[in-house]
Peer 1: 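Questions regarding the structure given below will be posed in turn.
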Amino acid sequence: MSFIQTDIAGDYQIVRRAIELISENWRDQPELEELALAVGKSPSQLQKIFTRWAGLSPKAFLQAVTLDHARRLLAEPIPILEASYELGLSGPGRLHDLFVTHEAMSPGVYKARGEGLTLNYGFHDCPFGQALVMATDRGLAGVAFCDPGGERSALEDMKTRWPRARFVEDKASTANYAARSFDPARWRADDPLRVVMIGTDFEIRVWEGLLRIPVGKATSYSRIAETIGVANAPRAVGRAVARNPLSFVVPCHRVVGKSGALTGYHWGLTRKRAMLGWEAGVIAA
DNA sequence: ATGACATTCTTGT
DNA sequence: ACAAGAATGTCAT
């Protein structure tokens with residue numbers, strides 16, 4: 001049943017290496033052949049793996065994560081404020097803010113550092129390595145990432161966010177969230193994913209702003225600041241974006257520097273590139 | 001390209 | 001209270 005999922009998860013390790021090489025050596029435009037050699041595959045193998053994973057050829061992908069591309073996304077008239085505009089263009093189900101419904105935890109729960117909260121968690125294969133998925137009975141509460149072997153530290157990372165909460169490994173209860181989060185075919189407005197946001201008031205305002213960035217688009221930290229009415233606090237916005245506990249589902253990877261440069265990502269810049277490129281494939285499909 | 005600094009918010013002391 | 005730091009942005013070299 002999860003054959004495709006598993007394959008794509010396995011592909012990521014190869015693809016990740018290729019993306020790393022591309023981003024280290026983009027100046028000399030590495031040929032497919034060189035990349036293949038470096039990751040220990042034949043050119044045609046790499047081509048196939050890459051395309052299966054991203055829905056894009058390595059070349060198209062390279063263009064998608066290029067500085068120019070992010071710039072172009074930024075230059076487009078801001079669709080962020082006009083959800084219905086986008087809806088008409090790309091059809092229903094494509095918008096993140098429509099396939100996710102969110103509720104904010106009471107500030108009390110946040111202040112109590114998760115006291116009294118039970119978080120079920122599990123590790124699941126996904127197109128970006130291993131995803132650590134956490135959920136309460138109210139909905140999806142956390143998504144983190146790691147590569148094989150990094151499970152422990154990813155879990156620690158998440159635990160420090162809600163130090164007083166109870167953590168229970170329960171893969172069965174998180175599997176469905178994992179499957180839905182990474183399968184574009186299941187991003188449906190008529191059956192939205194239920195998420196709970198646990199954070200300060202300011203953080204939640206920022207995260208709600210993130211939910212309004214459509215798939216395959218990007219915005220800048222300063223634009224988010226403007227959108228939520230704190231035009232001169234782009235730096236504070238950056239901090240809040242960085243602390244987003246619901247990686248990918250709340251699309252913090254779609255925020256880049258004003259110049260279009262990918263400035264940072266808690267789970268690794270390579271993963272941010274991968275996500276943006278992968279989404280370009282989703283759009284193209 | 002590089003560096004200083006302005007500015008907002010959160011957190012640890 | 002206060003100081004330090006953060007996934008920024010801008011301006012001066």
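Values reported hereafter were calculated over all heavy atoms of this structure, with side chains retained and with hydrogens, waters and symmetry mates removed.
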Peer 1: Please output the side-chain donor-acceptor pairs of residues 137-147 of chain A that fall under 3.5 Å, not counting sequence neighbours, one pair per line with the distance.
Peer 2:
unit_1  : atom_1 : unit_2  : atom_2 : d
R138(A) : NH2    : E103(A) : OE1    : 2.8
D147(A) : OD2    : R16(A)  : NH1    : 2.8

Peer 1: Calculate, to the nearest 0.5 Å, the distance between atoms CD1 and CH2 belonging to I228(A) and W207(A) respectively.
Peer 2: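 If I round to the nearest 0.5 Å, the distance is 12.0 Å.
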
Peer 1: Ignoring backbone atoms, establish whether S222(A) has a side-chain N or O less than 4.0 Å from OP1 or OP2 of dT8(C).
Peer 2: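 Result: no.
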
Peer 1: Rounded to the nearest 0.5 Å, what's the gap from OG1 on T227(A) to CG on L210(A)? Could you check?
Peer 2: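 Rounded to the nearest 0.5 Å, the OG1-CG separation comes to 10.0 Å.
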
Peer 1: So which protein N/O to nucleotides 11-13 of chain C N/O distances come out below 3.5 Å?
Peer 2:
none

Peer 1: Ignoring backbone atoms, establish whether K272(A) has a side-chain N or O less than 4.0 Å from OP1 or OP2 of dA7(C).
Peer 2: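 For dA7(C), neither OP1 nor OP2 has a side-chain N or O of K272(A) closer than 4.0 Å.
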
Peer 1: If only atom types and distance count, is the side chain of W53(A) paired as donor or acceptor with the main-chain N or O of K48(A) below 3.5 Å?
Peer 2: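 Such a contact is absent between W53(A) side chain and K48(A) backbone.
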
Peer 1: Taking the side chain from R254(A) and the backbone from I213(A), do they hold a donor-acceptor pair closer than 3.5 Å?
Peer 2: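 Side chain of R254(A) to backbone of I213(A): a pair is present.
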
Peer 1: Output a table of nitrogen or oxygen pairs between the protein and nucleotides 2-7 of chain B separated by less than 3.5 Å.
Peer 2:
unit_1 : atom_1 : unit_2  : atom_2 : d
dA6(B) : N6     : R235(A) : NH1    : 2.6

Peer 1: What pattern of brackets, bars and dots sums up DNA chain C from 5' to 3', given Watson-Crick or G-U wobble pairs under 3.5 Å, [ ] for crossing pairs and | for another strand?
Peer 2: ||||||.||||||

Peer 1: Between K171(A) and H124(A), is there a donor-acceptor pair closer than 3.5 Å when you use the side chain of the first and the backbone of the second?
Peer 2: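 The answer is no, because no donor-acceptor pair under 3.5 Å joins these two groups.
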
Peer 1: Can you name the residues that form a ring pair (Phe, Tyr, Trp, His ring centres under 6.0 Å) with F50(A), not counting sequence neighbours?
Peer 2: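 Once residues adjacent in sequence are excluded, the partners of F50(A) under the ring pair (Phe, Tyr, Trp, His ring centres under 6.0 Å) criterion are F61(A).
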
Peer 1: State whether the number of non-hydrogen atoms from other residues, nucleotides or ligands found under 6.0 Å of E33(A) atom CD is greater than 12.
Peer 2: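 Count not over threshold, so no.
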
Peer 1: Establish, yes or no, whether a centroid distance under 6.0 Å links the rings of F128(A) and W278(A).
Peer 2: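 Yes, the ring centres sit under 6.0 Å apart.
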
Peer 1: Just distance, no hydrogens or angles: give the donor-acceptor pairs under 3.5 Å from side chains in residues 149-156 of chain A, sequence neighbours left out.
Peer 2:
unit_1  : atom_1 : unit_2  : atom_2 : d
E151(A) : OE1    : G149(A) : N      : 3.0
S153(A) : OG     : G150(A) : O      : 3.2

